[in-house]
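Accompanying notes for the structure given below.
Since the model is a prediction, treat every value here as computed from it, not as a measurement. All ligand and atom numbering here is 1-based and tracks the order in the structure.
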Amino acid sequence: MLQDYDFSAIEQSQQDKWQADNRYQTNNLDNGKPARYMLSMFPYPSGKLHMGHVRNYAITDVLSRYYRQKGHDVMQPMGWDAFGLPAENAAIAHGVAPAKWTFANIDNMREQLKSLGLSIDWSREFATCTPDYYKWEQWLFLQLYKKGLVYKKLATVNWDPVDNTVLANEQVVDGRGWRSGAIVEKRDIPMYYYKITEYADELLADLKTLEGKWPKQVLSMQQNWIGKSHGMELSFKYEIDGQADELTVFTTRPDTVMGVTYLAVAAEHPLAQHAARTNEAIAEFCAQCKQGSVAEADLAKAEKVGMDTGLVAVHPITGQSVPVWVANYVLMSYGSGAVMAVPAHDERDFEFANKYGLPIRQVIDIKGQSYDKNAWQEWYADKENGVCINSGELDGLNKDDAIAKIATLLGDKGKITTQYRLRDWGVSRQRYWGCPIPMINCTYCGTVPVDEADLPVILPTDVVPDGRGNPLKNMPEFLECTCPKCGQPAERETDTFDTFMESSWYAQRFTTPNDDTQMVGRVGADKWLSVDQYVGGVEHAVLHLLYARFFHKVMRDEGLVGGDEPFANLLAQGMVLAGTYYRENTDGSKTYYFPHEVAIDNGKATLIADGKPVVVGKIEKMSKSKNNGVDPQTIINEYGADTVRLYTLFTAPADQTLEWSDSALKGPHNFVKKVWRIVGEHLTAINNHTADLIIDKTALSKSAKELRHKTHKTIAKIDISLGEHLALNTPVSALMELTNELSAFEIKDINDLAVKHETVIALLSMLALYAPHVGEYLLEQFGFDSRNITFPIVDEDALVNDSVKMVVQVNGKVRGQMEVGPDLDNDTLINLAKEVEGVSKFLTGEIKKAIVVPNKLVSFVVAG
Ligand code: ANZ
Ligand code: ZN
């Protein structure tokens with residue numbers, strides 16, 4: 001054994017061993033062990049690992065090692081979510097091709113991952129930007145196209161008129177293009193859509209099967225995103241130039257129909273377009289609505305504005321005329337793109353009506369509340385408690401009764417319907433660095449799918465985009481092709497897939513990553529799926545998980561995989577936070593400093609460089625812009641991967657935020673050193689005794705019994721923490737406690753030595769989950785083969801307490817202690833307690849009550 005704890009030497013030598021014997025490689029054949037698939041959300045190859053990655057992969061790795069020790073056949077794969085915008089931005093900034101940049105980053109990050117000591121099956125690695133992978137994405141698209149689950153329609157995008165390019169929502173900053181600064185326009189262009197709405201009901205219903213296995217919060221975010229609303233479609237009649245027609249609105253509150261004071265349509269609605277043809281001001285307003293972001297969140301925040309179209313429609317119950325407005329808060333893509341506005345009970349309508357002086361008519365009353373037209377109150381929108389007022393025949397009815405009544409009054413002018421908030425998934429992106437959409441545009445035949453035999457459509461990789469449109473459009477070698485239908489010259493689609501596509505099926509592909517005959521092979525898929533434990537950031541709670549669930553169901557319906565859900569259990573890990581330090585500049589901007597540039601003394605922070613004060617800012621998510629990120633590599637170099645792993649797992653429960661502190665790394669580091677020292681001493685001590693280290697349970701000293709008790713309680717506790725509660729932090733403190741007991745344990749005879757040995761081995765086996773390098777290395781010093789480490793087995797005998805310490809109280813005050821045998825009945829305990837030294841003198845009065853808390857306390861209540 002090495003003299004000192006030289007972590008870099010140990011970590012290197014263990015990693016070399018794993019690499020040399022392909023330690024964590026798995027195969028798809030049944031080997032009699034239960035298969036367990038452990039998956040971390042795979043990284044985007046940005047170039048460097050950050051602490052969020054480290055935390056994510058450390059969690060999955062500890063759980064993987066745990067199940068391996070428990071005898072499972074554990075598969076923990078890793079790959080690269082390699083398409084995406086940052087590569088194009090890097091190309092623009094540094095003139096390097098996205099492919100080259102991406103693969104160089106992958107090489108860097110793979111080394112970083114290896115230095116963390118993760119038990120990954122590298123034989124399954126892939127990058128999603130390679131044709132071997134994306135070929136199958138194109139193939140699936142064609143299958144769905146055939147089935148009618150893919151369609152093409154116009155969609156509105158952010159258009160930068162200077163760079164002549166489509167912008168992603170995050171590239172629109174305050175309504176302008178991030179690069180050009182030009183005011184962003186909206187444009188309608190044809191895009192492909194996946195009919196995810198066809199699966200809306202199933203996606204919603206199956207959330208039930210994940211209860212207790214996925215975080216509650218994620219389940220409810222999924223539910224809200226799918227957003228099933230029950231409501232009614234109502235028709236309002238109108239006439240244009242003597243032509244009668246109907247305007248349909250979707251409402252979830254038909255009970256408020258008597259409070260309708262205007263109708264509002266989206267700028268893209270045919271009625272708005274009709275008005276725009278004869279009214280220039282309306283035309284201009286509609287054009288303005290087309291500017292700015294298309295992100296729904298931005299629309300919700302935007303000020304509500306609109307114009308009267310001059311048209312009127314007929315209220316289906318009262319027969320009164322209702323004006324039709326065009327308003328920016330009505331979305332063309334939801335319901336029918338038109339709303340019946342009830343300003344008294346809908347907050348958006350309230351704001352709008354107040355702004356334009358439209359009438360507000362209260363039609364819902366809640367006992368004891370008084371309505372004020374000038375200020376919105378939450379109860380105006382209460383869906384549960386009100387009754388109708390000012391509503392003629394409906395007066396006095398509650399919501400459900402009112403809706404039933406309206407349905408009969410309206411007859412075929414009202415139809416009960418269900419609406420989903422969920423939209424079909426637009427998968428076209430007008431970007432270069434993505435998977436080509438396998439379609440061909442022919443002058444004669446329109447859009448024609450690429451022949452399956454011609455897959456993959458390969459993305460050219462020797463391209464450096466400059467931010468002005470999609471470079472594929474200027475590459476005849478990509479663009480030009482022959483129409484598979486008519487044989488005439490045609491053009492390839494230059495749009496590529498949304499990068500959420502690649503991450504929607506990578507989990508399935510990992511089961512048969514090298515199969516070049518099919519997307520997923522059934523043998524591998526059936527062995528491993530569904531993923532037993534998925535671990536990743538909560539920021540992916542909605543879209544990624546929803547798309548991946550959708551893909552799994554689609555792949556199931558193609559016969560590629562079994563089961564209805566891809567991820568059986570989900571752990572959403574918390575963010576890694578760190579303190580920030582800054583100075584405010586004269587223009588109000590802030591300059592942030594790295595923690596190592598700052599000295600802190602008595603809570604006062606100064607910049608080391610000039611000794612002048614800096615402001616101690618908030619504790620925030622680690623990020624480049626705040627200079628508060630900690631580079632994992634630096635910390636690994638300083639303390640070793642084992643310490644970093646212990647630290648990130650020990651400091652906070654996995655699903656909560658972790659506040660980083662460099663100085664706190666010393667705790668786990670010293671813990672490892674302490675284990676090192678104890679084990680070193682123990683090795684020396686057993687040198688001559690290795691053969692006779694067998695515990696004689698009949699001859700245990702008191703302290704040996706106690707140590708065994710502690711050891712086996714710790715094993716049982718850690719087993720439950722990891723196996724049942726996904727609690728990764730408490731086992732570390734349990735191991736620290738056990739180490740303290742171990743170091744206090746004194747050896748008096750050979751039996752003590754055997755007991756100590758048992759604890760040392762158990763400690764190291766469990767430590768090897770968190771700190772695999774040092775754990776395995778130390779076990780090897782005792783002759784263990786690190787390939788066969790097993791989780792220690794609890795000895796039930798050792799769990800039985802020989803004696804328990806109990807406190808004795810009189811009238812709420814502690815008066816003594818006693819050590820008694822286990823499982824004594826209450827009467828015996830009470831009698832023993834009465835005899836305890838120092839207690840009897842307080843028991844002179846009448847004993848009114850004696851309470852026993854098993855294994856803890858006997859409490860007397862005495863009169864007087
Ligand atoms: C009248 C009403 C009265 C409404 C009231 C609400 C409260 P959820 O629950 O999200 O499904 N709406 C319908 N189509 C719309 C569109 N294209 N753009 C913007 N808003 C639209 O929302 C349904 C409600 O959103 C509908 O019910 C409608 O306003 C509005 F006291 O109708 B309601
Ligand atoms: Zn053709």
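If you check each of R421, E347, H345 against atom 31 (F) of ligand 1, the one with the closest non-hydrogen atom is H345. Comparing F250, Y329, Y334 by heavy-atom distance to atom 11 (O) of ligand 1, the nearest is Y334.
Ring orientation note: the planes of F500 and Y547 are nearly perpendicular, at an angle over 60° on the 30°/60° scale.
From the protein, the heavy atom lying nearest to atom 9 (O) of ligand 1 is S229 OG, 3.6 Å. Among protein heavy atoms, atom 27 (O) of ligand 1 sits closest to T252 N, 3.1 Å. Among protein heavy atoms, the minimum distance from atom 5 (C) of ligand 1 is reached at R253 CG, 3.5 Å. Nearest protein heavy-atom neighbour of atom 3 (C) of ligand 1: T256 OG1, 3.4 Å. Counting only heavy atoms of the protein, atom 33 (B) of ligand 1 lies nearest to T251 OG1, 3.6 Å. Here the heavy atom of the protein found nearest to atom 17 (N) of ligand 1 is L331 O, 2.7 Å.
Side-chain contact between R421 and N224 is absent, with no heavy atoms from C-beta onward closer than 4.5 Å. With contacts defined as side-chain heavy-atom distances shorter than 4.5 Å, the pair W178/L167 qualifies.
With the Zn ion (ligand 2) as the vertex, atom SG of C486 and atom SG of C445 span an angle of 110° (nearest 10 degrees). Seen from the Zn ion (ligand 2), atom SG of C442 and atom SG of C483 lie 110° apart in angle, a value rounded to 10°.
Of all the heavy atoms of V342, the ones lying under 4.0 Å from any atom of ligand 1 belong exclusively to the side chain. Using a 4.0 Å cut-off between heavy atoms, R348 contacts ligand 1 through its side chain alone, with no backbone atom that close. Contacts between V330 and ligand 1 below 4.0 angstrom, taking non-hydrogen atoms only, involve backbone and side chain alike. Contacts with ligand 1 closer than 4.0 Å are made by side-chain heavy atoms of V339 only, the backbone lying farther away.
Crowding of Q377 atom CD: a count of heavy atoms from other residues, nucleotides or ligands under 6.0 Å exceeding 12. Within a 6.0 Å radius of CD in E284, no more than 12 heavy atoms belonging to other residues, nucleotides or ligands are found.
For F497 and F141, the ring centers sit closer than 6.0 Å to each other. Checked against the 6.0 Å centroid threshold, W214 and Y534 do not count as a close aromatic pair. In summary, the aromatic rings of Y329 and F352 are positioned with their centroids under 6.0 Å apart. Between W425 and Y193, the gap from one ring centroid to the other reaches at least 6.0 Å.
Considering backbone and side-chain N/O atoms, M332 never comes within less than 3.5 Å of an N/O atom of ligand 1. Below 3.5 Å of separation, one finds no N or O of D346 facing any N or O of ligand 1.
Under a 4.0 Å criterion applied to the non-hydrogen atoms of M340, ligand 1 contributes the atoms 1 (C), 32 (O).
No side-chain N or O of T447 forms a donor-acceptor pair with one of N441 less than 3.5 Å apart.
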Side chain to side chain donor-acceptor pair (under 3.5 Å) for K146 and Q143? Distances and angles first, verdict last.
CA-CA 5 Å; K146 272 191 261 173; Q143 311 314 308; 3.2 Å; yes
